[in-house]
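Shown next, in structure tokens, is the structure this report addresses.
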2 protein chains.
Amino acid sequence: MTEKKWTLKSIAAHLGVSNATVSNAFNRPDQLSSKKREEILAACKALGYFGPNKAARSLRKGTFNIVALVLPDSVEYMVSDPVASSFMRGVAKVLEPQGINLLLFSGNTDSVNNIVDFVDGFICYGRPRNPKLIEQLATVTKQVVTVDFELQDQASVNIDNQGAAREVAKAALMQFNAPAEQADAAILGLRLLDTDLICRVYDHHLPKLSTSIAHQRLAGYRQALEACQVTLPEDRIWNIPESSERFARIAAKEALAIRPRPNVLLCMSDLIALAAAREALAQGIQIPQELKIVGFDGIDEAELFQPTITTIHQNSENKGEQAASLFIRKEKRQIRLPFELRVGQSI
Amino acid sequence: MTEKKWTLKSIAAHLGVSNATVSNAFNRPDQLSSKKREEILAACKALGYFGPNKAARSLRKGTFNIVALVLPDSVEYMVSDPVASSFMRGVAKVLEPQGINLLLFSGNTDSVNNIVDFVDGFICYGRPRNPKLIEQLATVTKQVVTVDFELQDQASVNIDNQGAAREVAKAALMQFNAPAEQADAAILGLRLLDTDLICRVYDHHLPKLSTSIAHQRLAGYRQALEACQVTLPEDRIWNIPESSERFARIAAKEALAIRPRPNVLLCMSDLIALAAAREALAQGIQIPQELKIVGFDGIDEAELFQPTITTIHQNSENKGEQAASLFIRKEKRQIRLPFELRVGQSI
DNA sequence: CTGTTAGCGCATTCAA
DNA sequence: TTGAATGCGCTAACAG
């Protein structure tokens with residue numbers, strides 16, 4: 001039983017060599033004879049010393065092998081979002097083989113202060129809920145990669161959210177043969193407003209200019225509506241605070257209660273689209289005959305559902321891989337990833 | 001523009017006070033006049049010093065406000081498992097308000113060495129894939145909470161997997177009126193073997209004694225089979241390496257190809273049960289008339305699916321909360337959580 | 001209430 | 001190739 005807690009120093013003393021020698025044995029093989037190195041390593045192993053203390057080494061070197069994954073919202077919430085999960089999977093896939101660990105960080109937090117000294121940098125998946133965080137991340141000296149939003153001239157990974165939203169909305173709206181058939185649209189938006197409420201979104205609520213993906217998608221929908229000459233009454237946009245079945249269903253219920261009942265639902269996530277579809281079916285509304293629904297993201301469940309959901313498929317896992325690669329290579333590029341319109345049975 | 005990189009020392013010098021005073025201003029309000037404290041804090045803020053470097057403080061204090069969440073498998077895989085996600089949600093829910101951050105750690109890794117010096121301890125969700133990790137976690141001096149398996153006399157959170165498996169299997173088997181109706185069972189097991197292969201599991205493959213949840217569940221199934229006097233031919237157990245639709249579907253296909261075709265599928269996860277159900281329906285097999293299926297875990301999707309899956313519902317989120325609470329309180333208790341049989345339309 | 005000092009455990013000069 | 005010394009940035013004990 002080796003109860004003693006070894007340190008580099010104590011080990012060196014015990015072995016009768018200097019601490020630099022032990023340090024070199026672990027970190028710089030070229031600095032000592034390989035024979036001596038082997039000896040030392042073996043002795044350390046036998047004694048139960050597993051190498052230099054990583055916290056101390058990090059303090060000294062300034063590197064940590066930890067990157068903070070800044071989530072838009074609380075960890076609690078993000079972990080159950082399939083799109084975020086795919087993204088994390090992509091990130092982990094690239095980082096794990098490099099021996100880099102992932103620290104989950106909530107976008108609700110007031111400050112990165114508690115972790116900034118522990119990590120090599122940040123990968124931010126979506127604009128953090130708390131604006132203070134954004135300010136800080138903009139001034140931080142460590143590396144930052146942003147995803148689905150931009151920050152000064154940091155590296156970033158994006159898709160053309162506006163263009164994608166326009167395409168998917170168009171796909172739905174083109175199903176109508178105006179003027180014989182009239183499209184009545186409603187938009188189920190995801191985090192259009194900075195609130196936890198499910199509510200209507202009126203024009204005066206919206207910021208003039210925003211780079212958040214929700215607003216970009218909204219702009220895309222609007223372009224499509226305009227192109228198809230469909231006017232959207234101002235009470236036809238909902239805010240859903242998080243992409244959950246429960247919240248989405250409530251909003252869907254509200255939207256379907258309006259008269260004339262909307263016959264197109266533009267949903268900012270597949271989870272929302274699925275919830276809306278379930279609500280509609282539960283009310284006996286036929287999809288797509290009486291109601292067309294489109295989603296966004298391209299999650300598996302939307303393809304397994306009946307009817308399959310028309311959506312914009314984006315490869316979230318790849319997004320994660322790209323972000324992690326940028327991070328590792330310390331590149332400061334902006335990457336724009338492709339998306340793909342997937343037409344299902346829901347329109 | 002404050003380009004200078006402040007340290008406690010340099011700030012103290014700049015302000016003409018001792019470093020202890022600055023340190024106290026941030027950490028121990030009672031050690032100095034609140035007036036001076038305010039002054040110092042304000043000055044620091046103005047100068048762009050955001051408080052003591054956390055890495056250095058941690059080296060000194062030995063605490064990190066980081067806990068490693070050790071996953072059974074790669075981060076990449078675990079992040080997409082809904083049950084694991086619920087668990088993580090529970091953990092995050094308790095830890096986040098305490099300002100404790102979560103470091104994701106892969107159960108495939110050879111050694112906790114790279115992170116052990118950065119964390120206050122470990123929460124292990126399921127037995128890590130790599131046995132070396134288990135050895136190390138058993139000897140680590142930091143706090144460990146295990147979930148779904150036990151480690152020496154560390155704190156742990158569990159359910160009675162064997163009892164639960166027995167119950168759910170019984171529920172399915174009791175639907176048959178022997179001897180008129182004969183149950184032909186097959187088991188779709190999750191990680192019964194330490195391999196990436198989808199394959200049959202023969203008795204000689206199995207360890208005699210195992211505390212892994214897969215083997216406990218298998219034991220439970222066997223008890224139920226015995227109690228209902230159903231014999232299980234030795235080629236009716238499958239190993240599925242991970243709880244994914246794709247793999248499970250392949251195994252289900254194999255199982256349904258056997259003659260006489262099984263009319264009961266005991267599945268070790270809901271994801272597997274869902275995949276099996278989809279495969280069966282695709283083959284035109286009627287559930288539950290021609291085939292009964294039971295799952296394990298109680299995920300949302302299994303309740304939304306048609307037919308709803310009979311399963312053991314365990315509250316994974318609560319499991320996470322319990323584990324995190326044990327961790328925070330530094331308790332060394334073993335907690336056994338209840339489970340609930342939920343009978344759906346699949347039997 | 002304030003200041004001085006000795007480490008936390010290590011990596012890196014620089015001299016030998 | 002090795003060893004002694006310095007400091008990464010901080011906290012806690014102690015002295016004033």
Side-chain angles (χ1 to χ4, degrees), chain A residues 4-41 43-44 47-66 113-120 141-142, chain B residues 4-41 43-44 47-66 113-120 141-142:
Chain A
K4 179 159 181 173
K5 210 180 125 216
W6 293 106
T7 68
L8 185 88
K9 210 168 171 181
S10 70
I11 275 279
H14 187 88
L15 299 181
V17 297
S18 89
N19 15 12
T21 307
V22 179
S23 172
N24 285 332
F26 279 98
N27 301 316
R28 312 203 300 195
D30 51 312
Q31 296 293 302
L32 73 175
S33 68
S34 69
K35 177 162 163 273
K36 187 143 210 163
R37 186 175 124 90
E38 298 302 339
E39 269 175 35
I40 293 178
L41 259 32
C44 288
L47 290 167
Y49 176 69
F50 300 110
N53 178 296
K54 296 302 184 298
R57 135 192 293 220
S58 286
L59 177 60
R60 182 61 231 259
K61 304 226 310 177
T63 65
F64 300 84
N65 287 331
I66 298 179
N113 237 300
N114 287 324
I115 57 152
V116 64
D117 297 324
F118 279 120
V119 302
D120 295 321
T141 59
K142 304 200 173 183
Chain B
K4 179 159 180 169
K5 210 181 127 215
W6 293 104
T7 69
L8 185 96
K9 210 167 169 179
S10 70
I11 276 279
H14 186 89
L15 298 181
V17 297
S18 88
N19 21 11
T21 305
V22 178
S23 173
N24 285 333
F26 280 98
N27 301 316
R28 312 202 300 195
D30 52 313
Q31 296 294 303
L32 74 176
S33 69
S34 68
K35 177 162 163 273
K36 187 144 211 165
R37 185 174 125 90
E38 298 302 341
E39 268 174 37
I40 292 179
L41 260 31
C44 288
L47 290 167
Y49 176 71
F50 300 110
N53 179 297
K54 295 302 184 299
R57 140 195 288 221
S58 286
L59 178 61
R60 181 62 230 254
K61 304 223 312 177
T63 65
F64 300 84
N65 286 332
I66 297 180
N113 236 300
N114 286 324
I115 56 151
V116 64
D117 297 324
F118 278 120
V119 302
D120 295 322
T141 59
K142 303 200 173 183

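Lettering of chains follows the sequences in order, A, B, ..., and the numbering in each one begins at 1. Both backbone and side-chain heavy atoms feed into the values below; hydrogens, waters and symmetry mates do not.
In this structure, Asn19(A) reaches neither bases nor backbone, as no heavy-atom distance under 4.0 Å exists between it and the strands shown. Among the atoms of the strands shown, only primed sugar atoms or phosphate atoms (P, OP1, OP2) are found under 4.0 Å from some heavy atom of Tyr49(A). At a threshold of 4.0 angstrom between heavy atoms, the contacts of Asn27(A) are confined to the sugar-phosphate backbone, with no base atom among them. Residue-level contact check: Lys36(B) touches the backbone only, with heavy atoms under 4.0 Å from sugar-phosphate atoms and none from bases.
A sub-4.0 Å separation between OP1 or OP2 of dG7(C) and a side-chain N or O of Lys9(A) is absent. Within the 4.0 Å cut-off from OP1 or OP2 of dA11(C), at least one side-chain nitrogen or oxygen of Ser23(A) is found. Using a 4.0 Å cut-off, some side-chain N or O of Thr21(B) falls inside it from OP1 or OP2 of dG3(C). An OP1 or OP2 oxygen of dG9(D) is reached within less than 4.0 angstrom by no side-chain nitrogen or oxygen of Thr7(B).
Looking at Trp6(A), its side chain does come within 3.5 Å of a backbone N or O of Leu47(A) through a donor-acceptor pair.
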For a side chain to side chain contact (heavy atoms under 4.5 Å, CB included) check, start with the C-alpha distance between Lys54(A) and Asn65(A), then their side-chain angles and the critical distance, and finish with the verdict.
CA-CA 10 Å; Lys54(A) 296 302 184 298; Asn65(A) 287 331; over 6 Å; no
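Inspection of the Asn24(B) and Arg37(B) side chains reveals no N or O donor paired with an N or O acceptor under 3.5 Å.
Taking the six-membered ring where tryptophan is involved, the planes of Phe118(B) and Phe118(A) are perpendicular, since the angle between them exceeds 60° and thus also 30°.
When rounded to the nearest whole Å, the span between CH2 of Trp6(B) and C1' of dC10(D) equals 17 Å. Atoms CZ (Arg28(B)) and P (dC1(C)) sit 13 Å apart, rounded to a whole Å. Atom pair Leu8(A):CG and dT12(C):P shows a separation of 12 Å (rounding to whole Å applied). To the nearest angstrom, C1' of dT13(C) lies 15 Å from NZ of Lys61(A). Protein atom NZ of Lys54(B) is 12 Å distant from nucleotide atom C1' of dG9(D), rounded to whole Å.
Listed nucleotides dA11(C), dG9(C), dG9(D) differ in distance to Arg60(A); the shortest reach to its side chain belongs to dA11(C). Nearest nucleotide to the Ala20(A) side chain, out of dC10(C), dT2(C), dG3(D): dG3(D).
Remark: aromatic rings of Phe26(A) and Phe50(A) are distant, center separation not under 6.0 Å.
Residue-to-nucleotide proximity on DNA chain C shows that, of Ser34(B) and Leu59(B), the 5′-proximal contact is made by Ser34(B).
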